[in-house]
Each structure stands twice: as structure tokens, then as C-alpha cells.
Amino acid sequence: MDTLLSNALLPALYVPQRPFPPLKNSFSNSSSNGIIYTRNPKPKALHFSTNSNLSASPQQQQHTLLFDDWPQLLQLSIGSKNLMLGQAIHAFLLKCGCQSDTFQGNNLVNLYSKLKRLEDAHLVFDEMPERNTITWTSLMTGYSEVGDSESLFRIARDMFRGEEKFNEHTCSVMLEACRTVEERRRGEQVHGFVVKSGLQDSVFVATSLVSMYSKSDCLGNAEKVFNDMDYKDVQCLNYMILEYGKVGCGEKAIAVFIDLLTSGLDPNDYTFTNLISACCGDVGVHEGRQLHGLAVKYGIMGETSIGNAVITMYGKHGMIDEAKTMFYALDDRNLISWTALLSMYVKNGHVDMAMDVFSEMLDLGIYCDSSCLCTVLDACSECRNLELGCQIHAYVIKLGYYSGVHVGTALIDIYAKCGDLQSARLVFDGLSSKTTASFNAVLAGFMESHMHVEEDPMVLFNQLRYAGISPDSITFSRLLSLSAEEACLVRGKSLHSYSIKAGLEANSTVGNSLITMYAKCGSIEEAFQTFNSINGRDCVSWNAIISAYALHGEGNKALLLFENMKEEGFAPDGITLLAILQACSYSGLWETGLYLFNEMEPKYGTRSVIEHFGCMVDLLGRAGKFSEAIDFINRSPFPDSPMLWRTLVNVCMLCGNLNFGILASKRLLLLEPDEAGSYILVSNMYAEGGMFDEAAKVRTVMNDLKVNKEAGCSWIAVDNKFHYFVASDMDHPKSDEIYEKLNLLKIQIKLNTHDRSDVCLISDPL
DNA sequence: TTAGGGTTAG
């Protein structure tokens with residue numbers, strides 16, 4: 001063990017000239033490290049100072065440690081993470097000459113393990129002549145501390161081979177190392193070992209099992225272990241309340257709380273913090289408010305964590321005043337209290353108030369951590385305020401959080417959502433470590449920028465795969481949405497294959513995106529196959545497949561699926577009704593559509609919003625009921641909505657009803673005199689109706705008013721390369737061949753539709 | 001007489 005005697009400690013060895021005051025209990029100062037030994041070579045006492053200067057004079061020393069007190073001081077060095085003090089005690093023990101003492105060895109292994117000095121822990125461990133269960137368990141704790149489960153289980157195997165007895169402590173440490181999805185399998189093996197060893201009745205081990213299963217996404221197993229426990233203490237019950245709260249099972253959390261009270265246990269601050277936090281899901285503000293009152297009755301509202309949970313709970317239920325009152329009633333506000341208030345304002349759409357709070361924090365000199373900065377950046381992102389985001393970005397750099405992955409991802413998010421993909425990429429490229437979430441944030445930028453990007457997200461995706469970043473369901477969902485937008489079936493299929501390889505075949509998020517991708521790329525059969533393959537379909541899955549059939553004009557199939565959805569116990573939401581109205585509209589089922597629209601609120605409890613009204617205008621128009629459509633708009637809550645009138649103009653154009661189209665156009669241009677898109681639509685409507693002079697007039701008005709619109713573009717993907725075209729485009733290197741092919745196609749279409757009256761060549765745009 | 005649940009609020 002001599003090998004551990006650090007040279008750095010030697011200057012501290014000093015014989016004092018006079019006695020020191022006795023050992024005090026106030027060892028909380030973590031800077032204590034001035035070490036002096038009274039006798040050499042075999043000291044009876046250790047004197048130490050709270051002064052960090054090792055060369056301080058003996059008169060400045062404050063504490064004396066008698067030989068028997070060393071375990072107490074060792075605990076202090078662990079608690080205060082004071083390695084130097086621990087090493088001094090180690091040196092002190094060496095001088096005492098008790099190298100073969102197992103108790104001392106165990107304590108030293110524990111010291112170095114807790115301080116993550118695994119090499120030192122191993123040195124002590126290796127030199128111990130006799131080891132016991134505590135020695136092995138202490139060493140395993142070190143590997144658990146640093147998250148090295150491979151080494152931990154290697155040691156466990158050695159311990160097993162050496163026939164050392166595993167006890168409840170050992171099993172708890174092993175289970176601690178299995179609290180991830182990746183380690184779940186190993187956790188199950190340890191569970192088997194626990195049962196075989198008869199240790200499952202220990203409340204420590206059982207709580208570790210509950211924790212292991214819930215943290216590895218197996219709440220069902222956690223619940224089984226929890227329910228089988230004969231004896232539960234407060235900490236175990238608090239744990240289950242926490243886990244139920246995390247997955248939004250507030251009712252179950254409250255049931256555990258009732259069990260806690262009926263078993264005569266006393267709830268503590270953790271109980272209320274966890275429980276109030278659980279009142280943001282299926283359990284609402286009524287229960288949250290009652291628990292808040294109960295915490296006041298118990299006299300523990302002085303605990304900041306409970307107050308913080310109350311702020312968040314009220315904030316999530318939109319009760320801004322109550323949340324604010326709680327914040328100002330707190331005796332001890334901490335950074336979490338401030339962040340909770342900030343977040344509450346952001347989530348309730350009061351970004352300006354959030355920024356006021358942030359300014360106040362800066363004025364008060366409160367130092368922000370990464371979580372607080374992420375919330376502020378969320379505020380900028382929420383209101384798409386890029387300028388403010390840039391200012392916060394500068395502050396982030398000043399604080400040194402620039403390359404941190406969480407703040408970095410929030411920065412990417414704001415740039416991406418504001419359409420500045422280039423800056424989003426710059427932040428992403430500068431991240432010290434990239435995560436799936438940061439990549440997903442960049443993908444949001446691609447989605448926001450649509451087709452106006454040179455870079456191919458798939459190239460970036462492949463680079464990240466090779467760098468070892470695993471895609472998750474959100475990655476696939478976003479990439480599939482991009483493929484759907486590009487109508488690129490080949491790419492969509494390739495992503496489908498990769499999602500199967502990634503083990504996400506039955507994932508509902510990926511499945512739902514696949515349905516939409518296949519439908520938008522024209523393959524309704526594959527959309528339906530995917531729908532059938534999803535394990536645990538949710539409301540979104542049903543909405544996706546109903547929308548898919550609506551898009552393909554198969555209204556009756558969409559209606560059939562709507563009935564199946566209800567039979568399987570899913571409550572249709574606003575999106576379902578929108579999809580079903582579209583299905584009726586595209587399939588000419590206007591009476592059914594009208595009936596369902598009128599049933600939305602009374603039968604389905606779904607409030608109709610402007611999109612539903614838009615759909616109804618389209619439905620009535622397609623059914624030729626233009627007069628009814630105009631009445632419908634005028635009687636709706638949105639009689640002056642340009643969107644509804646634009647829908648009517650569009651449907652008039654589609655159905656060739658110029659009279660109503662002109663009527664609707666006049667209203668539209670009155671409502672939207674500066675919107676280029678409306679002029680183009682009206683102009684197109686005239687052109688479709690053969691009124692070319694009127695169409696030209698509208699274009700002239702546009703020019704006079706100087707309203708311009710970016711030209712619409714079409715594209716085609718060939719061999720993973722996208723080719724874009726605008727009207728009259730001659731920029732493509734193969735323009736001549738393309739126009740020639742188009743001419744042939746037009747002739748073929750005319751011949752096939754038996755309309756040979758106007759077979760002519762598409763004129764060269766030049 | 002040493003080792004284990006170590007939980008909370010943004």
C-alpha cells in the first residue's frame with residue numbers, strides 16, 4: 001500500500017509544537033487538507049486544518065483526529081469529495097502499520113471508489129491479504145460510479161468464481177449498473193440471481209429492481225416487482241410515485257400515496273414533490289391543488305422542491321397567476337424556481353414575460369445553467385425571434401456553454417425553426433459531441449427549408465450513422481416526412497428498410513410516418529400494409545391511414561376505417577374529422593360530410609376550427625353547391641377569412657364555375673389586396689375559363705401594385721439527385737430532350753382521351 | 001465497523 005503514499009503529502013507531515021484543540025463536528029468545509037502527524041513513525045493522532053495552504057503555521061490548525069476517529073474523517077473526505085484528505089488518512093493508516101486489516105482496506109477501497117479513483121481502489125484491493133463481500137462490493141461501486149458496467153460485471157464474475165457470498169448490497173450495486181435500455185437483459189439476469197439467492201424480500205434490492213426496470217423502459221415489470229413486495233418503505237413508495245408521474249399515470253401515483261397513508265407511513269418532501277409533479281398528466285389541477293393544500297397542512301411547504309413542483313403544475317394547467325403567486329411566496333428560490341417560472345411563461349405563450357424574467361435574473365446576477373439557457377432559447381424559438389436568439393447565442397458563448405450538446409441543440413432548434421439552416425449546421429458542426437437529438441434538430445431545419453437546400457439530408461444521415469450515432473423514431477419520422485414532401489418513394493423505401501434494421505419496425509411514430517410517406521408517394525397498398533403492421537396503433541395511426549385514403553379519393557374506405565377506429569375504442573379528434581371531411585369532399589360524399597360536420601361537437605366533442613370550415617367549403621363546391629358554400633362562409637365564425645374565400649375560388653376553378661368564381665375572387669382580393677398568391681389564383685381561374693384578357697388584366701394589376709410571388713417549382717429525383725424546374729425553364733442541360741419528351745406525352749394524352757382537336761406541340765418557351 | 005435504494009422541482 002506504500003505505493004499510494006503521495007509525494008504531494010510529504011510537505012504536510014509536521015510535528016506540532018503545542019497541543020491542538022479537540023476534534024469538532026464542523027467538518028463540512030471541503031477545503032480541509034492541511035495535514036500534520038504528531039508522532040513519527042507511529043502516529044497516535046492526525047491534525048488537520050481547514051486552511052487550504054499546506055504550509056500554514058501550526059497555530060492556524062484547528063482539528064485533531066485521534067486514531068479511532070479515522071473512519072469518521074474518511075466519510076467526511078468522501079462526502080466533501082476531498083481526495084487529498086482521504087489520501088492523508090491513507091498515509092496515516094500506513095504509518096499505523098495495519099496494512100493487513102480488512103476493515104481498513106475496505107474503507108480505503110470505498111474511499112477511492114466513491115472518488116472515482118479506480119486505479120487506486122484496485123491497488124488497495126490487490127494488496128489486501130484478505131477480502132470479504134464488502135471489499136468486492138466496494139470495488140464494484142467504483143465501476144458503477146463511472147458507469148463502466150462491463151468491468152463491474154467482470155469483477156462480479158471473479159467474485160462469483162472465488163465463492164465470495166453475494167448479499168443484498170452486492171445485488172443493489174449490480175442492479176444500479178443495469179438502469180439503461182441497453183443493459184436491460186443483464187438486469188433481468190441479475191433479477192433471476194436475486195430470486196435464486198432469496199434476496200427479493202429485501203426492500204433495498206426490491207427498490208433497486210423497481211428502479212432498474214423503470215429506468216430501462218419496463219414499467220410493467222417494475223410494477224410487478226413493486227406489487228409483490230410485502231414491505232415497502234417511504235423511499236420505495238416515493239420512487240413508484242415518481243415513475244408513475246413520469247409516464248403520466250397520475251391516478252396510479254395517487255393510489256400509491258393513499259397506500260402510503262393507510263400503511264401509517266409519513267409522507268416527506270420527496271413524496272409531495274413527486275406527487276404534485278404527477279398532477280400534470282391524466283390527473284389534473286383539482287388534485288394538484290388539493291395536494292398543494294395538504295403539503296401546507298403538513299407544514300413542509302418551506303421545501304423549495306415542493307414549491308417548484310407547484311409552480312410547474314399550475315403552469316402546465318395554464319394557471320399563470322397561481323404559479324406566479326407560488327414563485328413569490330417561496331422563501332428560498334433557487335435556479336430551478338426561476339427556470340420553472342420562465343418555462344411556465346414560455347409554455348403559456350407569454351414569451352415577453354419570460355424574457356422579462358430572464359432580464360430580472362441577469363440584473364440580480366443569477367448564474368444560468370444549461371437547462372435555464374435551453375428554456376430561454378425555447379422562448380426565442382417559440383416566437384421565431386431569430387434576433388433575440390442570436391443575442392442569447394452570444395451570451396451562451398460568453399458563459400462558455402457554446403459546444404455543450406443540450407444548449408447546442410436548443411441553438412440548432414431556433415436557427416432551424418427560423419429557417420436559417422446554414423447557422424443551424426454551423427452550430428451542429430461545432431458541437432463537442434453530437435447526439436441523435438441534435439441531428440434531429442438539424443433535420444427540422446431541412447423540413448423548414450423545404451426544397452431550397454443544396455445539401456442532401458441523407459448524406460448527413462449516413463455520415464452520422466458511420467460516426468456511431470443511432471437514429472431514433474424521430475429521426476426516421478423527419479426523414480420520412482422529407483421523402484413524402486419530395487414524393488421520393490425509392491428513398492422512403494430505403495428508410496423503411498433501415499428502420500427495420502434499427503429495430504423500429506413496430507414503432508408507432510415511425511409507422512405513422514411511413515403510412516403518410518407511402519400515401520404521398522402514391523402507394524396506398526403499402527400504406528395500408530404498414531398500418532396493419534404497427535404494434536399498438538394510436539389515434540395518429542388511424543388519422544394517418546384515413547388521410548391516406550382521403551388523399552387517394554377512396555372516401556368509402558376512409559369512412560369504413562373511421563367506423564373501425566371507433567369500434568376499437570379510439571376517440572376521433574380534430575385531425576380525424578378533418579381527414580374524414582377531406583375524404584368525403586374528394587369522393588363527392590357531400591351529404592355524409594355535412595352530417596359528420598354537424599356531429600363534430602355534439603357527438604365527438606371536437607370543436608370545429610377554420611380548417612374544418614375550409615374543408616366544408618371545398619366539399620360544397622365540389623358538389624356544385626356554390627350558393628350554399630357562400631352562405632356557409634358568411635354564417636361561419638370566419639366570414640372575412642381569406643383562406644375560406646381562396647378555397648372557394650380554387651374549387652370554382654376546378655369545377656369550371658366562373659360566375660361564382662368571379663364573385664368569390666372579388667371578395668378575396670378585397671380581403672387580401674397585397675397577397676400575390678391570391679392574384680395568381682384569380683388569374684389562373686380566368687385563364688382556365690378561357691378569359692385570357694381578364695387573366696392578363698389581373699397580372700397587370702399585380703405588376704402595378706408590385707406584388708410578386710416566387711415561381712412555383714416542380715422536381716424529379718433521378719439516381720438520388722433532385723432536378724428542379726420552374727415554368728418556361730430552359731436552364732437544365734437536357735432541356736431540349738425534356739421538352740421533346742413532354743410534347744410526345746401531350747400527344748399521347750390527347751390521343752388516349754380521344755381529343756384530337758387540339759393536338760399541337762408545346763411551344764418552345766423561348 | 002466499513003459496502004446498497006439516493007429518489008425531487010426546470
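Every chain is numbered from 1 and lettered A, B, ... according to where its sequence line falls, protein lines coming before strand lines.
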K.L.:
Figure out the CD1/P separation between Ile300(A) and dT8(B), and round it to whole Å.
P.N.:
16 Å
K.L.:
Could you encode protein contacts along nucleotides 1-6 of chain B as a string, one character per nucleotide from 5' to 3', using B for base contact, S for sugar-phosphate-only contact and - for no contact, with a heavy-atom cut-off of under 4.0 Å?
P.N.:
BBBBBS
K.L.:
When all nucleic acid strands are considered with a 4.0 Å heavy-atom cut-off, which category describes Asn274(A): base, sugar-phosphate, or nothing?
P.N.:
sugar-phosphate
K.L.:
Taking any heavy-atom pair under 4.0 Å as a contact, classify Thr312(A): base, sugar-phosphate, or nothing.
P.N.:
sugar-phosphate
K.L.:
Check the distance between dA9(B)'s C1' and Met301(A)'s CE and give it to me in whole angstrom.
P.N.:
11 Å
K.L.:
Can the positive tip of Lys434(A) be found less than 6.0 Å from the middle of the six-membered ring of Phe439(A), inside 45° of the ring normal?
P.N.:
no
K.L.:
When we call it a touch if two heavy atoms are under 4.0 Å apart, what does Cys372(A) touch: a base, just sugar-phosphate, or nothing?
P.N.:
base
K.L.:
Are the side chains of Thr207(A) and Met229(A) in contact, using a 4.5 Å heavy-atom criterion?
P.N.:
yes
K.L.:
Given side chains that start at C-beta, do those of Tyr401(A) and Tyr395(A) come closer than 4.5 Å, heavy atoms only?
P.N.:
no
K.L.:
Does the side chain of Asn334(A) pick up a donor-acceptor pair with the side chain of Thr304(A) at under 3.5 Å?
P.N.:
no
K.L.:
Hey, is Glu382(A) close enough to Lys417(A) for a salt bridge, meaning N to O under 4.0 Å?
P.N.:
no
K.L.:
Got a salt bridge between Arg186(A) and Glu150(A), using NZ or NE/NH1/NH2 to carboxylate O under 4.0 Å?
P.N.:
yes
K.L.:
Can you establish whether the number of heavy atoms outside His406(A) located under 6.0 Å from its atom NE2 is more than 12?
P.N.:
no
K.L.:
May I ask you to list the residues of residues 343-370 of chain A, by number, that have any heavy atom positioned under 4.0 Å from an atom of DNA chain B?
P.N.:
Ser343(A), Asp369(A)
K.L.:
Can Asn106(A) and Ser138(A) be counted as having a side-chain donor-acceptor contact under 3.5 angstrom?
P.N.:
no
K.L.:
May I ask you to check whether Tyr367(A) and Trp338(A) place their ring centers less than 6.0 Å from one another?
P.N.:
no
K.L.:
Would you kindly give the CZ-to-C1' distance between Phe327(A) and dA9(B), to the nearest whole Å?
P.N.:
13 Å
K.L.:
Looking for any heavy atom pair under 4.0 Å, which part of the strands does Ile306(A) touch: base, sugar-phosphate only, or nothing?
P.N.:
nothing
K.L.:
Quick one: label Ile336(A) by what it contacts on the DNA or RNA (base, sugar-phosphate, nothing), any heavy atom closer than 4.0 Å.
P.N.:
base
